[in-house]
Amino acid sequence: MTPLILSKIGEIVSKKNLLTDPVHKEAYSYDGTPLLSKLPEAVVFPENKEQIAQIMELANNENFAVVPRGSGTGLSGGSIPVDNSIVLVMTKWDRIIEVDEENLTAWVEPGVITETFQTRVEKMGLFYPPDPGSMKICTIGGNVAENAGGLRGLKYGVTKNYVMGLEAILPSGEFLKTGGKNFKDVAGYNLRDVMIGSEGTLGIFTKILLKLIPKPQKSITMTAYFDTMVDSGKAVSDIIAAHVVPAMMEFLDHTTINCIEDYTKIGLPRNSEAILIIELDGMGAEVDEDATKVVAALKKNRSTYVKVASNEAEALTLKAARRTAFSALARVKPTTILEDATVPRSELPVMIEKVQNAAKMFDVTIGNFGHAGDGNLHPTCLTDERDEKGIQNAHRAFDYIFNEAIKLGGTITGEHGTGLAKKDFLESSVGSVGVDFMQKIKKSLDENNVLNPGKILTMKPKCEGALPKNREQIHDFTHTHNH
Amino acid sequence: MDESPLQKTLLSGLISDDLLLQCMHCGMCLPTCPTYNVTKLESSSPRGRIRLVKSVAEGKLEVNDTYLNEISFCLDCQACETACPAGVKYGAIIEAAREEVSRENLEPLKVRAIRRFGLNFIVANQPILKIVARLIYFYQASGLQRFLHDVGMFKMLGGNLGAVDKMSPKFSKRFSSDMMSEIYTPAEPARYRVLLPLGCLMDVAFADINSDTLDVLIQHGCEVIIPRNQGCCGSLHAHNGEQKKGKELALKTMELFKNYDYDFLISNSAGCGAYMKEYGHVFDESENENIDENSMGEVTESQSKEVTGEENFAVKFSSKVKDISEFLYETGFRAENYNYEGRITYHDACHLAHTQKITVAPREIIKSVGGVKYSELNEASWCCGSAGIYNVARYDDALNFLVRKMGNLRATASEVVVMANPGCMGQIQHGTEKYDHKMEVLHLATFLNRAYKKKKI
Ligand SMILES: Cc1cc2nc3c(=O)[nH]c(=O)nc-3n(C[C@H](O)[C@H](O)[C@H](O)COP(=O)(O)OP(=O)(O)OC[C@H]3O[C@@H](n4cnc5c(N)ncnc54)[C@H](O)[C@@H]3O)c2cc1C
Ligand code: SF4
Ligand code: SF4
């Protein structure tokens with residue numbers, strides 16, 4: 001990128017909001033995704049939507065790429081820079097603009113931290129359910145861009161179920177407003193839902209309207225211990241079949257249990273092969289009835305022990321511990337590669353077995369956990385990036401897991417997005433017509449392919465430079481293009 | 001994490017890449033980092049700094065002023081270690097980075113001066129420290145300090161020298177080491193035999209706290225041994241990029257204390273306690289075998305064995321180290337002997353909460369004292385900005401953190417804030433004066449000794 005272009009960016013956002021020091025570039029070269037990173041040309045902190053619009057216009061004129069970024073906890077490489085790009089950081093947009101108690105909605109800026117927002121509305125007796133494991137630090141903007149899920153997805157749905165409207169700057173620099181406080185609205189195409197989960201490729205959110213619900217009055221949280229993983233999977237299917245919808249039903253295997261226990265020391269059963277953490281909530285007596293049904297299903301599937309949290313503090317500690325699962329697994333080995341395969345929930349026991357097979361077949365250590373109630377598993381490969389063979393095996397194991405998931409009617413990613421990391425598998429998941437449809441949408445909105453190019457889709461290689469196209473290349477990419 | 005056969009040592013042998021690779025850049029540590037909270041920049045976050053150190057270590061990034069600034073901006077409070085589920089040893093990483101910076105003479109002159117002269121010459125040498133402390137005491141007591149402030153001398157000298165001067169501890173009239181006997185026995189049959197290190201700065205600037213600690217230990221039924229000719233434990237050095245000097249002082253400390261037979265060694269200063277608990281690691285052969293010999297300074301393995309007599313002496317030494325709150329709590333605090341009417345809150349010292357993971361013991365002790373109305377401090381485990389020599393080297397930044405702490409303290413409406421670390425006391429005391437906030441700042445030992453006397457009346 002030429003100094004002239006940089007100085008033009010500096011004129012738009014003012015010098016203090018443009019960082020070009022190598023140290024800052026290094027610090028924005030990665031997100032939460034393993035093995036991928038790249039240096040941007042600059043890091044930019046826009047202050048208002050006019051500045052963002054001007055930057056997009058400049059990007060179109062001068063042919064550079066713009067990569068939006070929240071807190072950089074993404075797991076598919078969504079906010080990792082690409083060739084000739086600037087990173088546009090949205091974390092300073094952190095105002096909760098309005099909480100409307102009459103309409104049960106809230107306007108927020110995209111940089112608001114998810115947990116901060118939750119705490120704020122819960123103080124008012126309201127509830128914003130989407131709770132990704134990263135909620136302490138991820139942003140609402142990032143959540144909407146990835147359509148993030150969480151522990152409570154089973155009963156309450158995911159981020160998209162709580163977005164009523166949004167404002168965004170399009171790749172052209174135009175300003176879009178879609179959706180609003182109307183509970184019903186069918187005027188034209190549903191553009192809001194096109195923007196949700198677009199991973200920063202179709203627009204930069206500047207304001208988001210969220211839906212709130214009343215906070216449940218009562219909850220019961222329990223942990224069920226199992227001697228085999230498959231039994232726990234069957235228990236999940238039986239609970240769903242008994243017409244109980246828990247707020248949360250989380251699965252942790254032996255490795256994950258031990259890593260979390262090493263960190264939190266809250267007394268998880270180190271010897272169990274698997275546990276389920278189940279939360280039931282509601283407004284009153286139905287919660288107890290559900291609990292009886294759940295305990296019956298657990299017993300039927302040979303749960304060796306069911307421990308009910310004795311108070312709210314204990315339940316909160318347990319859930320907080322569960323949220324550390326992914327990071328805690330990193331205690332074992334230097335490199336932690338987590339995946340996100342999801343299957344229809346009736347297939348969960350089968351999928352759990354497939355993951356076990358993959359570990360054996362390809363001689364890799366896999367810790368498995370996930371949102372069992374959603375059929376969304378996070379098999380996590382514990383390996384070492386300095387060991388080429390180990391990394392290759394990990395990729396083979398994941399190829400196997402993805403293919404098996406798709407055969408079972410599942411998908412390659414339940415909640416972490418496609419980004420860079422899962423591009424190659426997109427077609428097998430959505431079909432060639434699906435990919436073509438997406439490319440047309442992208443092309444019509446972003447003619448010059450300047451907004452987060454190369455994420456989700458491979459367009460004609462115009463601004464993308466040497467982006468990796470398959471797993472082997474992704475690996476090479478990190479080794480040769482790192483700097 | 002198991003040590004990997006693939007590991008390499010980096011930063012001229014100061015650090016292994018295993019340590020750096022452990023960070024999986026998940027970002028879970030960001031919200032607890034005070035410096036990230038101020039700038040909202042990734043480079044001021046734990047995740048960012050680990051990345052920067054890694055890139056410098058791998059030769060991909062050149063050291064420049066921005067890098068140096070971020071490395072010294074870090075408080076080394078280790079809140080990120082507490083927050084990190086992956087078990088990343090951030091403290092070890094930042095300390096290695098600082099050591100490298102100091103070895104290459106890259107840091108600002110002011111910091112180097114504090115480090116080289118203040119730490120390595122004065123603090124490391126107890127007789128010299130005593131002479132300096134004596135001079136400072138006369139300077140403070142004679143009214144000269146007031147006078148210079150009144151005529152604006154420090155403002156004329158420029159910078160923040162004046163504020164730093166006000167913040168520095170009030171040096172004691174008499175030093176603990178000159179006042180105390182070598183051995184004290186309780187009235188009752190002794191329950192434990194404990195050793196009380198007097199500390200370097202504690203000895204000369206916080207003699208009252210040492211004597212309160214002694215009293216509390218005797219109240220607890222302990223026989224207390226106070227070895228003669230004590231020196232610095234090396235903690236200030238090790239935590240500020242002077243590993244070599246730190247190790248040298250650690251050896252001296254062990255050499256002196258090994259002549260005594262005791263059940264526990266009681267620390268009343270969080271940083272010292274933390275470092276003495278680390279001795280075991282510092283002298284652990286297996287951990288150091290891949291590290292370049294030169295980086296270890298003049299102290300070689302064989303030498304340390306010579307001094308300590310046996311290989312795992314350091315490990316044994318460390319296992320007996322207890323913070324005063326930890327010791328009292330674990331051995332059954334006798335709350336019935338204490339009473340204190342008032343609203344009390346508690347501030348966590350970083351080296352206690354994050355390094356030693358001690359948070360429950362002091363709170364439970366305070367709450368169990370009759371008459372106490374306890375209120376929990378919001379963000380109690382956030383650094384107050386004292387952070388070793390931080391508030392001297394980076395006064396303005398330290399003030400930022402202090403302001404936040406004072407706001408939280410005010411909100412508790414307490415009359416007394418208790419803590420178990422002299423460094424924090426100096427800083428928070430400065431805060432109460434600067435912002436005219438009436439609140440007593442007490443060490444846990446002082447608080448307990450007062451509560452003991454109140455009960456007796
Ligand atoms: C420990 C851990 C646990 C996790 N647990 C979960 C989980 O349970 N469920 C889940 O779904 N995910 C989870 N994630 C993944 C991740 O946290 C989510 O994808 C999250 O939504 C990312 O938010 P962020 O603010 O970090 O965004 P980033 O990672 O910075 O960005 C993510 C994407 O959003 C885009 N983006 C960011 N801000 C904007 C904006 N204002 N406008 C347009 N596009 C934007 C970026 O370009 C990028 O494509 C986890 C991650 C970690 C590290
Ligand atoms: S230090 Fe720990 S919590 Fe922070 S980014 Fe690294 S692994 Fe995550
Ligand atoms: S030690 Fe403290 S200041 Fe330094 S990175 Fe960790 S949390 Fe931040």
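In this text, all values refer to a predicted model and were calculated from it rather than measured experimentally. Chain naming here is simple, since letters A, B, ... match the order of the sequence lines and numbering starts at 1 in each.
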Nearest heavy atoms of B:Ala86 and B:Met24, plus distance in Å: CB-CG, 4.3 Å
Any side-chain donor near an acceptor of the partner, B:Tyr374 and B:Glu376, under 3.5 Å: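 The criterion, which ignores hydrogens and geometry beyond distance, is satisfied for B:Glu376 and B:Tyr374.
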Under a 4.5 Å heavy-atom cutoff, which of [options] has the most pairs with chain B?
options	answer
A:Gly72, A:Gly133, A:Ala321	A:Gly72
A:Gly74, A:Cys259, A:Ala328	A:Ala328
A:Lys136, A:Arg323, A:His24, A:Lys25	A:His24

Check: B:Glu326 side chain, B:Asp323 main-chain N or O, donor-acceptor pair, under 3.5 Å: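 Side chain of B:Glu326 to backbone of B:Asp323: a pair is present.
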Pick one of side chain, backbone, both or neither for [X], based on which atoms fall under 4.5 Å of a heavy atom in chain B.
X	result
A:Thr116	neither
A:Phe45	side chain
A:Thr73	both
A:Lys92	side chain
A:Asp31	backbone

Max heavy-atom pair count under 4.5 Å with chain A, selected residue of B:Asn64, B:Val88, B:Thr32: B:Asn64
Most contacts with chain A, counted as non-hydrogen pairs under 4.5 angstrom, among B:Pro31, B:Ser45, B:Cys23: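 Max contact count across the listed options: B:Pro31.
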Can you tell which part of [X] gets under 4.5 Å to a heavy atom of chain A, answering side chain, backbone, both or neither?
X	value
B:Arg47	both
B:Thr39	backbone
B:Cys29	neither

Check against side-chain contact (heavy atoms from CB on, under 4.5 Å), A:Tyr30 and A:Leu36: CA-CA 7 Å; A:Tyr30 53 81; A:Leu36 294 178; over 6 Å; no
Between [atom1] of [X] and [atom2] of [Y], what distance do you get to the nearest 0.5 Å?
X	Y	atom1	atom2	result
A:Ile137	B:Met28	CD1	CE	10.0 Å
A:Leu19	B:Ser43	CG	OG	7.5 Å
B:Lys54	B:Leu20	NZ	CG	7.5 Å

NZ or CZ of B:Lys322 within 45° of B:Phe327 ring axis and under 6.0 Å: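 Here B:Lys322 fails the 6.0 Å and 45° test against B:Phe327.
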Heavy-atom side-chain proximity of A:Glu415 to A:Pro132 below 4.5 angstrom: no
